[in-house]
2 protein chains.
Amino acid sequence: MNRDKRQKRTTIYDLAELAGTSASAVSAVLNGNWKKRRIGSQLAERITKLAEEQGYAVNMQASLLRREKSKLIGMIVPKYDNRYFGSIVETFETMARERGLFPIITCTRRDPELEMEAAREMLSYQVEWIVSTGATDPDRVTDLCAAAGVRSLNLDLPGSKAPSVISDNFAGSRELTRRVLVNYERKLGRKSPLLFIGGRGSDHNTSERIRGFVAAHLEMGIDVDGHHILACGYAPEKAEHALEALRTEEGGVPMGMFVNSTISLEGVMRWITRSGHTGPMAPTLGCFDWDPFVALLCDDIEMVRQDVPAMLASVFEIIEAGSTTGSLVQIPPVFVTSC
Amino acid sequence: MNRDKRQKRTTIYDLAELAGTSASAVSAVLNGNWKKRRIGSQLAERITKLAEEQGYAVNMQASLLRREKSKLIGMIVPKYDNRYFGSIVETFETMARERGLFPIITCTRRDPELEMEAAREMLSYQVEWIVSTGATDPDRVTDLCAAAGVRSLNLDLPGSKAPSVISDNFAGSRELTRRVLVNYERKLGRKSPLLFIGGRGSDHNTSERIRGFVAAHLEMGIDVDGHHILACGYAPEKAEHALEALRTEEGGVPMGMFVNSTISLEGVMRWITRSGHTGPMAPTLGCFDWDPFVALLCDDIEMVRQDVPAMLASVFEIIEAGSTTGSLVQIPPVFVTSC
DNA sequence: CGAGTCTGCTCAATCGATGGAGCAACAATT
DNA sequence: AATTGTTGCTCCATCGATTGAGCAGACTCG
């Protein structure tokens with residue numbers, strides 16, 4: 001009877017026996033609908049006390065099996081190595097919990113197969129929603145979910161088959177580019193185009209940001225060099241190598257840059273340091289993303305911070321409304337006036 | 001029969017009917033032990049094909065309810081806002097998956113109540129292990145787990161009642177302090193003690209690091225000013241305020257500092273920028289933790305990187321060995337030679 | 001030819017929580 | 001006294017997967 005090392009967990013049947021009552025009474029009391037099920041308040045109190053004493057915890061597996069709703073919500077996220085995704089995850093967890101949902105989060109390291117595998121696993125756990133964040137192929141996840149009758153939603157990168165919440169990449173990028181162009185002109189003493197670096201040309205965000213980048217140049221009467229748009233991928237090394245490759249070419253590397261994420265910025269900074277472009281040689285920068293140390297330590301940089309709280313507020317609005325259309329919500333990012 | 005919007009998910013019974021066989025045959029085939037249960041390979045193949053066609057996914061709730069082992073492993077983590085915890089989570093997920101475990105991670109934002117709440121929830125989901133990372137009160141979590149017959153383990157901050165894996169804070173801190181003292185002496189032209197800032201005086205890591213800090217001073221024949229040991233908490237603002245308060249005091253702020261985490265470093269950097277201690281006025285720094293941008297952008301700083309892969313290797317070794325003693329494993333951190 | 005073995009499958013109990021249906025016991029009403 | 005209503009519970013089927021036990025039929029061998 002007494003709790004041993006390898007004991008079985010306390011169940012409602014154990015409590016029922018201890019309380020000299022039935023399992024259904026115990027169940028009713030512990031999940032709060034004992035009033036509806038007309039259990040006397042004295043018995044209720046006795047059961048509650050016993051449960052506490054015995055350290056009882058529901059077996060969610062059993063409970064969820066029986067119930068119709070699981071209250072589980074899944075999120076797929078590419079990486080935990082930057083502030084943007086970190087705050088997405090943290091905010092998501094908090095907001096899910098506030099709504100009585102249990103968040104399950106999985107990091108897929110930008111691996112398309114792992115994304116699908118993780119989604120499949122979440123479906124096994126009977127999640128009610130899957131939020132695909134920055135997924136390489138959101139529509140595949142949506143299809144998988146749809147086949148299982150589970151709702152899904154895209155965050156950060158849009159898909160065509162489920163509602164998507166993303167930053168307003170075009171407007172954000174145009175404004176960021178404008179600001180960097182102004183800084184660059186002030187520094188050089190003349191107008192000159194920027195280099196665009198980072199991201200994948202095939203993803204919506206990158207192409208929208210390129211569109212904004214080009215628009216801002218146009219508006220300021222500056223020609224863009226197509227050859228200076230390097231959507232070389234997200235990994236730091238890719239940005240570093242791309243710059244290094246450019247250096248040996250004719251014209252070299254422009255000393256004004258639009259960097260497409262903090263991850264790419266890491267590579268850019270590495271290149272800057274290694275190639276000795278520091279101090280007065282330092283390039284004029286803009287970064288579509290935010291990092292506190294960069295904001296503090298780098299003086300010639302403009303950063304846009306994606307509005308994570310607003311994005312997730314929108315995500316949960318959609319979830320609460322239960323919408324499934326392929327709508328696209330674009331959240332304006334915030335310009336950080338570096339301290 | 002056809003899949004509707006609000007359909008029920010496909011079960012082994014559906015598949016059994018479609019295949020004209022029994023549910024137990026389907027179950028045996030799909031969970032791989034059909035050889036043991038002597039199911040013919042033709043039937044097995046037919047079932048497998050059907051399952052694929054129907055997009056079948058096990059109901060984990062049902063499966064786990066029946067099985068003895070859940071293969072779930074929980075991790076509690078304080079924040080996602082720095083590289084250290086980010087890489088802990090990412091590595092943990094990967095390693096858990098490699099071992100056939102399903103990781104459930106929850107961020108508790110350094111809130112002791114949320115920690116307990118999260119642990120309780122994980123117990124409801126029948127996790128087999130809980131890893132408390134940087135928990136404010138690891139022993140409380142251990143007690144809760146023990147009452148439910150669940151193993152637990154502490155990471156980053158040790159507890160007395162469960163095995164703990166942490167960095168070798170004393171040795172790491174002593175070496176870091178030594179390096180910073182050398183840099184500081186080189187800069188000042190004379191020996192001078194450092195300021196210690198960040199962390200909680202009550203936590204093991206902070207007190208061990210202070211011990212290492214003091215030891216390094218002693219070894220170099222430098223007196224430590226007890227008044228310059230500011231374990232003011234982890235939040236950036238706390239560090240910033242502590243420095244600001246010190247500035248108005250007699251002696252002011254020493255221009256050599258040991259910062260106890262990147263989070264505190266954020267506050268320190270803010271103070272440095274706001275109070276104008278930049279350029280040649282910039283302090284000589286050391287930080288017990290690592291961040292790529294700081295490493296790249298700050299030139300007078302030494303950083304230690306906690307060895308996350310080694311720490312998690314040790315965690316999973318303990319899990320695989322099934323040990324429950326309150327042993328303490330200390331992993332030497334790595335010194336980063338800034339690029 | 002009968003006993004024993006092996007193959008390929010099915011039956012039914014089980015895990016723990018839930019909730020519809022129903023049953024005593026008693027009070028209130030006609 | 002008979003009917004109706006209410007209160008406070010209990011019984012039992014159910015969710016979907018798993019697994020020990022068992023049952024035909026085919027095959028083997030003395």
Side-chain angles (χ1 to χ4, degrees), chain A residues 7-47 50-51 54-72 121 123-126 128 148-149, chain B residues 7-47 50-51 54-72 121 123-126 128 148-149:
Chain A
Q7 92 198 294
K8 301 296 285 177
R9 309 271 284 265
T10 312
T11 70
I12 51 169
Y13 298 95
D14 302 335
L15 293 179
E17 202 179 332
L18 285 172
T21 181
S22 73
S24 52
V26 174
S27 169
V29 168
L30 296 178
N31 66 29
N33 61 1
W34 53 281
K35 289 237 147 161
K36 262 156 239 157
R37 292 192 49 92
R38 298 192 315 229
I39 303 295
S41 49
Q42 300 161 56
L43 179 57
E45 207 162 319
R46 196 147 45 89
I47 289 174
L50 252 169
Q54 301 291 316
Y56 171 82
V58 223
N59 182 325
M60 275 297 171
Q61 258 71 57
S63 177
L64 293 183
L65 176 58
R66 188 62 227 281
R67 282 213 293 258
E68 66 311 345
K69 320 214 73 192
S70 76
K71 297 280 176 191
L72 293 177
E121 233 165 7
L123 291 178
S124 281
Y125 283 96
Q126 316 295 112
E128 291 175 18
Chain B
Q7 92 197 295
K8 300 296 282 178
R9 309 271 284 265
T10 312
T11 70
I12 49 169
Y13 298 97
D14 302 334
L15 293 181
E17 202 179 331
L18 286 172
T21 181
S22 73
S24 50
V26 175
S27 169
V29 169
L30 296 177
N31 65 28
N33 59 1
W34 53 282
K35 291 236 148 162
K36 260 156 242 159
R37 290 188 56 90
R38 299 193 313 231
I39 303 295
S41 49
Q42 301 161 54
L43 180 56
E45 207 162 317
R46 195 148 46 90
I47 289 174
L50 252 169
Q54 300 291 316
Y56 171 82
V58 224
N59 182 325
M60 275 297 170
Q61 260 73 56
S63 176
L64 293 183
L65 177 58
R66 189 62 229 281
R67 281 214 294 260
E68 67 311 346
K69 320 214 72 191
S70 75
K71 298 281 178 189
L72 293 176
E121 233 165 10
L123 292 179
S124 281
Y125 283 94
Q126 315 296 110
E128 290 175 19

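Note that the structure is a prediction, hence the values are computed from the model and not measured. In what follows, chains are A, B, ... by sequence order, proteins preceding strands, each numbered from 1.
Going from atom CD of Gln42(B) over to atom P of dT7(C) covers 15 Å, rounded to whole Å. To the nearest angstrom, C1' of dT19(D) lies 20 Å from NZ of Lys35(B). For the pair Asp14(A) CG and dA17(C) C1', the computed distance is 13 Å after rounding to whole Å. Taking atom CZ of residue Arg46(B) and atom P of nucleotide dC9(C), one finds them 8 Å apart after rounding to whole Å. Rounded to whole Å, atom P of dA17(D) lies 9 Å from atom CG of Leu30(B). Spacing between atom CG of Leu65(B) and atom P of dT14(D) amounts to 17 Å, rounded to whole angstrom units. The CD-C1' distance, from Glu68(A) to dG20(C), rounds to 14 Å in whole Å. In this entry the distance linking NZ of Lys36(B) with C1' of dG20(D) reads 15 Å, nearest Å.
Between Tyr56(A) and dA17(C), a side-chain N or O to OP1/OP2 separation shorter than 4.0 Å is present. OP1 and OP2 of dG16(D) both lie 4.0 Å or more from every side-chain N or O belonging to Thr11(B). Side-chain N/O atoms of Ser27(A) include none lying less than 4.0 angstrom from OP1 or OP2 on dG19(C). Close to dA17(C), at under 4.0 Å from its OP1 or OP2, lies no side-chain N or O of Asn31(A).
One finds the OG atom of Ser63(A) at 11.0 Å from the CG atom of Leu30(A) (value rounded to the nearest 0.5 Å). Between the CZ atom in Arg9(A) and the CG atom in Leu123(B) there is a gap of 5.5 Å [rounded to 0.5 Å]. In this structure, CD in Gln61(A) is found 9.5 Å from CE in Met60(B), a value given to the nearest 0.5 Å.
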Could you go through residues 35-43 of chain B and list every donor-acceptor pair under 3.5 Å that involves a side-chain atom there, pairing it with any protein atom two or more places apart or in another chain?
none

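Each of Thr21(A) and Gln61(B) lies near DNA chain D, and the nucleotide nearest Thr21(A) is the one positioned closer to the 5' end. Taking the nucleotide of DNA chain D with the nearest heavy atom to each of Ala25(A) and Tyr13(A), the more 5' of the two is matched to Ala25(A).
Closest approach to the Ala62(B) side chain among dC9(D), dC11(D), dG16(D) is made by dG16(D) (side chain taken as heavy atoms from C-beta onward). With distances taken from any side-chain atom of Asn59(B) to the nucleotides dT10(C), dA17(D), dG19(C), the minimum falls on dA17(D). Here the nucleotide nearest the side chain of Ile12(A), chosen from dA17(D), dA17(C), dT10(D), is dA17(C). In this structure, of dT10(D), dC9(C), dA17(D), it is dC9(C) that holds the atom nearest to the side chain of Arg38(B).
No engagement by Leu64(A) is indicated, since no non-hydrogen atom pair under 4.0 Å with the nucleic acid exists. Within 4.0 Å of Arg67(B), counting heavy atoms only, lie sugar-phosphate atoms of the nucleic acid but no base atom. Among the protein residues, Leu43(A) comes within range of the sugar-phosphate backbone only, with heavy atoms under 4.0 Å from sugar or phosphate atoms but none that close to a base.
Ion pairing of Lys69(A) with Glu128(A) is present here, as a side-chain N (NZ or NE/NH1/NH2) and a carboxylate O approach within less than 4.0 Å.
Closest non-hydrogen pair, Ala19(A) versus Ile47(A), comes out as CB-CG1, 4.3 Å.
Residue-to-nucleotide contacts include a donor-acceptor pair under 3.5 Å from the side chain of Arg37(A) to the base of dT10(D). For dC11(C), the base has a donor-acceptor partner in the side chain of Ser24(B) [N/O atoms by modelled type, under 3.5 angstrom].
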